[in-house]
Amino acid sequence: MSAVTGPRPEEEVVLVLSDVTRSYGEVQALRGVSLEVHRGELVAVVGPSGSGKSTMLNTIGTLDRPTSGTVTIAGADVGSLSDDALSALRAEHIGFVFQHFHLQAGATATENVADGLLYTGTPRHERHTRAVAALERVGLGHRVDHRPHQLSGGEKQRVAIARAIVGEPTVLLADEPTGALDTVAGAAILGVLRELHAAGTTVLVITHDLELAASLPRQVRMRDGRIEDDSASDAAGLAAAMGLHAGAAR
C-alpha cells in the first residue's frame, strides 16, 4: 500500500485499494495497485492512455471486479458483496461523472438529475426536490426545466455532476470531466468540482491533462498499470491534501 506517514483515524479512510490487479486475458491493466483516499480529499489520477487509470476508476466504482487484491469502499470489502449488495453500495456511496454526459434527450434537467436516486428507494416527490437542490448547488437553478438540447456543453456537464451528487455519495469519481469541453467551459467545471471539494465532498478526477492534475492538491501518477508516484505519500503531502477539510463530512 502507498506509504502514508502518520496515523489517520480509521473512519476518515473512505477508499482503500490493496495490491489490486486486473487482467483481461494476457493483458494486465492493473499491476499491484495500492491506494488510500481519505474523506474530503481532491485527488487527480493522471497518466497517458493505456496507463490503467480508467480501469482503476471502474474498479473503484465497482463497475469491474479486480482479478486479485482487495477494494474497500466506506469500510465494505467489495469482493465479499453479492451483486445486490454491490448495487446498493454503488447507489449510496459512489457518484459518477463521465466525459460524455449521458443525459436523456427528452427529459428535463431535473428529471435527469432525479434519475440518480432511482435505485435508492427515495419517494418521487423527494427525488424531485433533491434534484432541484443539486442543480442549484452547481449553478443551474435557472435551468431546471430545460432539456439537453437547450443546454450548452458546460451546462450539460453540470447536470451530470448534479446527478452524481444528488445522493450525497461518499466518493465522486470524475472521468475526464472536461475532456469534451472547450477551455472556458472546462475551467468552469473544474471550478464546480473545487467548490464541491471545499464543501467536503471527496473527489477523484481521472485525467490525462498534466496541467489540470498539477492544479489539484494531490496527484496520483499512473503508468503501465502501476502507481509510479503519489504526492501524498508523505505526511506533508497528505497534510496539504487534507488541510482544508479537518473534520469535514464527505
Side-chain angles (χ1 to χ4, degrees), residues 42-46 53-54 56-64 73 87 89-120 122 126-209 212-213 215-216 250:
L42 173 56
V43 184
V45 179
V46 64
K53 60 186 186 298
S54 291
M56 186 168 78
L57 175 139
N58 289 338
T59 303
I60 292 171
T62 73
L63 301 176
D64 199 2
I73 307 288
S87 295
L89 177 80
R90 190 183 305 126
E92 181 178 355
H93 291 290
I94 301 170
F96 294 96
V97 179
F98 298 102
Q99 178 175 344
H100 301 291
F101 321 119
H102 302 299
L103 302 180
Q104 295 185 57
T108 65
T110 299
E111 290 165 343
N112 270 288
V113 173
D115 282 352
L117 295 169
L118 278 176
Y119 302 104
T120 64
T122 306
E126 185 179 345
R127 291 202 305 268
H128 180 277
T129 300
R130 292 174 64 177
V132 170
L135 285 166
E136 291 173 346
R137 189 175 176 190
V138 299
L140 282 185
H142 60 304
R143 293 284 193 266
V144 295
D145 293 324
H146 285 59
R147 288 173 169 77
H149 73 275
Q150 300 171 305
L151 301 173
S152 69
E155 287 172 335
K156 291 175 186 177
Q157 191 62 291
R158 287 173 186 255
V159 173
I161 292 172
R163 181 180 57 197
I165 65 171
V166 69
E168 298 291 335
T170 302
V171 180
L172 177 63
L173 303 176
D175 189 7
E176 300 285 2
T178 65
L181 304 175
D182 61 37
T183 302
V184 173
I189 290 303
L190 187 57
V192 170
L193 295 176
R194 288 183 180 278
E195 289 170 5
L196 293 171
H197 167 241
T201 303
T202 306
V203 183
L204 272 70
V205 179
I206 284 72
T207 183
H208 68 276
D209 186 333
L212 185 158
S215 73
L216 301 186
R250 289 188 185 173

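- Nearest heavy atoms, P177 versus I189: O-CG2, 4.2 Å.
- R158 has its side chain out of reach of L151: every pair of non-hydrogen atoms, C-beta onward, lies at least 4.5 Å apart.
- For the atom pair L118 CG and R163 CZ, the distance stands at 10.5 Å (nearest 0.5 Å).
- At a threshold of 4.5 Å between non-hydrogen side-chain atoms, the residues Q150 and R143 do not count as touching.
- Under the 30°/60° scheme for interplanar angles, the aromatic rings of H100 and H102 are found to stand perpendicular.
- The nearest pair of heavy atoms linking G154 to A185 is CA-CB, 4.2 Å.
- Remark: D175 engages no residue in a salt bridge (Lys or Arg N to Asp or Glu O under 4.0 Å) (not counting sequence neighbours).
- Scanning both residues, P148 and L103, for their nearest heavy atoms gives CG-CB, 3.9 Å.
- Between L193 and L172, the closest side-chain pair of non-hydrogen atoms falls below 4.5 Å.
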Stepwise side-chain hydrogen bond (donor to acceptor under 3.5 Å, both in side chains) test for T120 and T122: CA-CA 5 Å; T120 64; T122 306; 2.6 Å; yes
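- A 6.0 Å sphere centred on NE2 of H128 holds no more than 12 heavy atoms belonging to other residues, nucleotides or ligands.
- Taking all atoms of both residues into account, the shortest heavy-atom contact from A131 to A114 is CB-N, 3.6 Å.
- Closest approach of V45 to M56, counting heavy atoms only: CG1-CE, 3.5 Å.
- Side-chain contact between L216 and R194: present, with at least one pair of heavy atoms (C-beta onward) separated by less than 4.5 Å.
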Please determine whether side chain to side chain contact (heavy atoms under 4.5 Å, CB included) holds for the pair I165 and V138, giving the CA-CA distance in whole Å, both sets of side-chain angles, and the decisive distance to 0.1 Å. CA-CA 10 Å; I165 65 171; V138 299; 4.2 Å; yes
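- Side-chain contact between L57 and L204: absent, with no pair of heavy atoms (C-beta onward) separated by less than 4.5 Å.
- Annotation for T207 and A213: closest pair CG2-CB, 4.3 Å, computed over non-hydrogen atoms.
- Taking the side chain as every heavy atom from C-beta outward, V159 and L140 approach each other to under 4.5 Å.
- Rounded to the nearest 0.5 Å, atoms CD (E176) and CG (L212) are 8.5 Å apart.
- A distance of 11.5 Å separates CG in L190 from CD in Q157, rounded to the nearest 0.5 Å.
- At least one side-chain heavy atom of L63 sits under 4.5 Å from a side-chain heavy atom of F96.
- We find the CG-NE2 distance between L135 and H142 to be 10.5 Å, quoted to the nearest 0.5 Å.
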Between L173 and I94, does the side chain to side chain contact (heavy atoms under 4.5 Å, CB included) criterion hold? Intermediate values first, please. CA-CA 7 Å; L173 303 176; I94 301 170; 3.8 Å; yes
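- A donor-acceptor contact shorter than 3.5 Å is absent between the side chain of D145 and the backbone of T108.
- To the nearest 0.5 Å, atoms NE2 (H149) and NZ (K156) are separated by 9.5 Å.
- In this structure, L181 CG and S152 OG are separated by 8.5 Å, a value rounded to the nearest 0.5 Å.
- Looking at heavy atoms from C-beta onward, I161 lies in side-chain contact with L196 at the 4.5 angstrom threshold.
- In this structure, the salt bridge (Lys or Arg N to Asp or Glu O under 4.0 Å) partners of E126, at least two apart in sequence or on a different chain, are R130.
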